[in-house]
There are 2 protein chains.
Amino acid sequence: MKADAVRGHLDGLLLAVLEQGPLHGYAIITAVRERSGGVLDLRTGTIYPALNRLERVGLLGSDWDAVGERRRRAYHLTDAGRASLAEERSSWREFTAAIGSVLDPAGHVRPAT
Amino acid sequence: MKADAVRGHLDGLLLAVLEQGPLHGYAIITAVRERSGGVLDLRTGTIYPALNRLERVGLLGSDWDAVGERRRRAYHLTDAGRASLAEERSSWREFTAAIGSVLDPAGHVRPAT
DNA sequence: CCTCGATATGTTGGCTGCCAATAGATAGCA
DNA sequence: TGCTATCTATTGGCAGCCAACATATCGAGG
């Protein structure tokens, strides 16, 4: 998978892995990697600025917790974040349907949801 | 749909619409728009440089044909282009599977290929 | 005790690749 | 005589992700 394939879909990924509970940055990277079967490997230079941005616009909240001497910042979804995640999912469906129907016009007919 | 959503998937789109026969640039834009149900609306500043690039690397060939006084450049797939299209399709599948499994881990389980 | 890899957070600079804006020409219709 | 559709093409800009870098704690093994 080429490096910056997640371009334009990063926010959705971050919101999605936080849906089931708070995680800190490093754990988010691990979660995305595992849930994608090892295909998606996000970099710190990618997610930390993104997490800050999502918090700034109110989709995420964060709390510092201490593990021994070490500090972790655990991010969690806000209500706005949950709503945004729903939007990301529906626009993802629209996106894949659009590209898919051009890429493979015959093969992507699907039963109505 | 956000403007530059096709980022990273443009080549596949162009190759795919040319699979069934040669088209000129303007017709490619129309074809993509129609096959995507009006969702994807490529700009000339997007496709003309892309078509040139694909020709330069040998995935497309082109011929000028005259319609009255007007000149059109019809692009067609080369053998390498056809092979590349197959690769684009499989990497598209990998891509959607990866993002999909993170975005919606429960809902995209599919029978083994 | 000391080193090394894993864990953990963050910043900066740069580049890729698409878009918006612009330009110009033909053709047909009202 | 315009106005819209058809048709090709270039240029500048910038969003957004990554690579590289910087820093620190922790546990395990030698």
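Quick note on labels: first sequence line is chain A, next is B, and so on, each numbered from 1. Every value quoted in this text rests on a predicted model; they were computed, and no experiment measured them. Every heavy atom of this structure was used, including side-chain atoms; hydrogens, water molecules and symmetry mates were not.
Atoms CG (B:L51) and P (D:dT10) sit 11 Å apart, rounded to a whole Å. Look at NE2 on B:H24: it is 13 Å from C1' on C:dA27, rounded to the nearest Å. Protein atom NE2 of A:H9 is 18 Å distant from nucleotide atom P of D:dA15, rounded to whole Å. Whole-Å rounding puts the A:L10 CG to D:dA15 P distance at 16 Å. Protein atom CG of A:D4 is 16 Å distant from nucleotide atom C1' of C:dG13, rounded to whole Å. Computed from coordinates, the A:R7 CZ to C:dG14 P distance equals 17 Å when rounded to whole Å. Residue B:Y26 contributes atom OH, which lies 17 Å from atom P of C:dT26 at whole-angstrom precision. Protein atom CG of A:L23 is 14 Å distant from nucleotide atom P of C:dT7, rounded to whole Å.
Using a distance-only test at 3.5 Å, with no hydrogens or angles considered, a donor-acceptor pair links the side chain of A:S101 to the main chain of B:R35.
Looking at A:V67 and A:R72, their side chains come closer than 4.5 Å, going by heavy atoms from C-beta outward. With a 4.5 Å cut-off on side-chain heavy atoms, A:L60 and A:L14 do not count as touching. The closest side-chain heavy-atom distance from B:L103 to A:L85 is below 4.5 Å. Using a 4.5 Å heavy-atom threshold, the side chains of B:W92 and A:T96 count as touching. Contact annotation: the side chain of B:S84 approaches that of B:L15 to within less than 4.5 Å [non-hydrogen atoms, C-beta and beyond]. Under the 4.5 Å side-chain criterion, counting only non-hydrogen atoms from C-beta, B:Y75 is not in contact with B:H24. By the 4.5 Å heavy-atom criterion applied to side chains, A:L77 and A:E19 are counted as neighbours. Between A:L13 and A:V6, some side-chain heavy-atom pair lies under the 4.5 Å cut-off.
Where A:D11 and B:N52 meet DNA chain D, the nucleotide closest to each residue was compared, and B:N52 sits on the side nearer the 5' end.
Contacts between residues 56-74 of chain B and DNA chain C, defined by a heavy-atom separation under 4.0 Å, are made by B:G68, B:E69, B:R70. Annotation: proximity of residues 38-50 of chain B to DNA chain C (heavy atom, distance under 4.0 Å) is found for B:R43, B:T44, B:G45, B:T46, numbered in ascending order.
Proximity note for B:Y75 (side chain, C-beta onward) versus D:dA9, D:dA15, C:dA6: the nearest is D:dA9.
In this pair, A:H9 and A:F95 present their aromatic rings tilted. The plane angle is within the 30 to 60° band.
Between the side chains of A:S62 and A:R73, at least one donor N or O sits under 3.5 Å from an acceptor N or O.
When the local axes at the two ends of the helix from C:dC1-D:dG30 to C:dA30-D:dT1 are compared, using 5 base pairs at each end, they differ in direction by 10° after rounding to 10°.
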